[in-house]
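By convention here, the first residue in the shown sequence is residue 1.
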Amino acid sequence: MSTTGATADPLAVLAGLPGVAESVDSVRKAVDRVYGHRIMRRRSNEITSEAALRGARGSAALSGADWALEEVRRRTDFSGDDGARTVGAALRLTAEAGQLLSIWRQSPLRVLARLHLVAAAESDPRVGRPRQEGEPVDEPLVELPLPDAAEVSGRLEGLSQLIIAGGTAPALVTAAVVHGELLALRPFGSHNGLVARAAQRIVLVGSGLDPKAVCSAEVGHAELGRAAYAAALDGYASGTPEGMAAWIAHCGKAVELGVRESTAVCEALQRGAA
């Protein structure tokens with residue numbers, strides 16, 4: 001983050017930007033509605049499982065592997081071409097994210113390293129650690145200027161300190177900053193987008209906003225499209241109040257679309273039970 005000011009809680013400053021409170025309120029109301037659905041009270045495990053699958057599909061689509069949902073559901077082998085490996089990585093990350101909730105607030109950098117290990121699924125000394133100076137980054141769908149290794153290290157440490165310290169910022173704001181910062185930094189040699197979206201999921205679930213992981217922001221990001229995603233990310237990277245607020249609002253809209261998707265699943269299950 002490049003425009004937070006000299007304050008003990010820069011995330012709270014972002015929460016006060018014009019339009020952000022409205023996004024936070026809209027997301028909270030949407031989440032409350034889906035959690036109040038009668039199917040959620042009786043079959044929430046099914047909704048969680050379906051949201052995980054759809055979220056993984058959405059995250060993979062944003063990383064260039066835009067598969068039909070039924071193909072993701074049907075496939076068992078993800079070791080083939082680049083697209084298959086991307087979808088497999090997204091599925092693994094979605095499953096792993098739920099196992100890391102208790103570690104995140106104490107050691108976010110450890111969690112990020114684990115997420116990269118899970119995504120890459122290969123034995124390479126560069127996997128699971130921030131990139132060093134001169135090491136390449138394979139993230140063709142993010143076209144922002146690439147920070148050098150020293151900047152990556154400093155900003156990751158700053159992000160870690162913010163998370164460990166906690167604060168008063170709403171979950172949406174924290175999740176959007178974690179997501180945007182990881183995309184802007186691309187701290188690993190590969191799979192940064194997938195890792196960033198998994199980290200956003202961890203924040204939304206671990207904060208208590210979406211404890212059952214049914215409001216998959218990845219679904220919404222994919223629905224809004226890669227062009228809108230890139231444009232909003234440019235706003236975050238600009239560091240301007242307007243750009244940061246636009247990125248947070250974009251992330252909020254993605255969560256709301258994820259809510260809509262899970263609500264549709266609830267309705268389908270309800271019709272089937274009728």
Side-chain angles (χ1 to χ4, degrees), residues 1 3-5 7 9-36 48 51 54-55 58-59 62 94 97-98 100-101 104-105 108 111 159-160 162-184 193 195-224 228-229 231-263:
M1 293 175 295
T3 177
T4 54
T7 174
D9 191 357
L11 296 179
V13 173
L14 296 180
L17 292 175
V20 171
E22 290 82 356
S23 294
V24 168
D25 185 56
S26 183
V27 165
R28 167 50 69 190
K29 289 177 179 176
V31 172
D32 286 347
R33 283 195 297 272
V34 72
Y35 272 83
T48 295
R54 294 177 185 225
S59 189
L62 289 166
T94 300
L100 299 172
L101 296 172
W104 175 254
R105 284 294 297 271
V111 169
L159 183 64
S160 176
L162 282 176
I163 294 164
I164 292 169
T168 60
L172 173 64
V173 173
T174 304
V177 167
V178 167
H179 184 175
E181 193 73 352
L182 293 174
L183 281 177
V195 168
R197 291 183 288 275
Q200 175 186 247
R201 170 181 282 267
I202 288 171
V203 174
L204 293 173
V205 174
S207 67
L209 176 66
D210 179 25
K212 294 184 183 294
V214 299
C215 308
S216 297
E218 304 96 321
V219 168
H221 283 301
E223 184 173 338
L224 291 167
Y229 188 63
L233 179 61
D234 284 346
Y236 176 86
S238 75
T240 65
E242 296 80 9
M244 300 286 278
W247 169 251
I248 295 167
H250 186 85
C251 290
K253 181 63 175 174
V255 174
E256 291 187 59
L257 290 171
V259 168
R260 187 178 71 178
E261 186 92 350
S262 285
T263 301

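At a threshold of 4.5 Å between non-hydrogen side-chain atoms, the residues L204 and C215 do not count as touching. Side-chain contact check for L17 versus M244: some heavy-atom pair is nearer than 4.5 Å. With a 4.5 Å cut-off on side-chain heavy atoms, V219 and L257 do not count as touching. Within the 4.5 Å cutoff, the side chain of R105 has no heavy atoms near those of the I164 side chain. Contact of the R201 side chain with the T94 side chain is registered, since non-hydrogen atoms from C-beta on lie closer than 4.5 Å.
Once rounded to the nearest 0.5 Å, the distance linking OG of S207 with CD1 of I202 reads 11.5 Å. Between the CD atom in E256 and the CD atom in E223 there is a gap of 11.5 Å [rounded to 0.5 Å]. To the nearest 0.5 Å, the span separating OG1 on T174 from CG on L162 amounts to 8.5 Å. Note that CG of L172 and CG of D25 are 11.0 Å apart. Values are rounded to the nearest 0.5 Å. Taken to the nearest 0.5 Å, the CH2 atom of W247 stands 13.0 Å off from the CG atom of L14.
Using modelled atom types and a 3.5 Å distance limit, the side chains of E261 and S216 yield no donor-acceptor pair.
The shortest heavy-atom contact between L11 and A169 is CB-CB, 3.5 Å. Minimum heavy-atom separation, P18 to A245: O-CB, 3.8 Å. Nearest heavy atoms, A30 versus V259: O-CG1, 3.3 Å. Considering all non-hydrogen atoms of both residues, A171 and V203 come closest at O-CG1, 3.9 Å. Closest approach of V27 and G252 over heavy atoms only: CG2-O, 3.4 Å. Residues A199 and L182 share a closest heavy-atom pair of CB-CD1, 3.8 Å.
Considering only residues two or more places apart in sequence or on other chains, R197 meets the salt bridge (Lys or Arg N to Asp or Glu O under 4.0 Å) condition with none of them.
Side chain of S262 to backbone of V214: a donor-acceptor contact under 3.5 angstrom is found. Here the side chain of T48 pairs a donor or acceptor atom with the backbone of K212 at under 3.5 angstrom. Under the 3.5 Å distance criterion, the side-chain polar atoms of D9 are left unmatched by any main-chain donor or acceptor of G167. A donor-acceptor contact shorter than 3.5 Å is absent between the side chain of W104 and the backbone of V111. The backbone N or O of S23 sits nowhere less than 3.5 Å from a side-chain atom of S26 that would complete a donor-acceptor pair.
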With side chain to side chain contact (heavy atoms under 4.5 Å, CB included) as the criterion, how do V177 and Y236 come out once you've worked through the C-alpha distance, each side chain's angles and the decisive distance to 0.1 Å? CA-CA 8 Å; V177 167; Y236 176 86; 4.0 Å; yes

Side chain to side chain contact (heavy atoms under 4.5 Å, CB included), that's the test. Do L224 and K253 meet it? Break it down for me. CA-CA 9 Å; L224 291 167; K253 181 63 175 174; 4.0 Å; yes

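Aromatic ring centroids of H221 and H179 lie under 6.0 Å apart.
A side-chain contact (heavy atoms from CB on, under 4.5 Å) with S59 is found for exactly one of R54, E218, Q200, namely E218.
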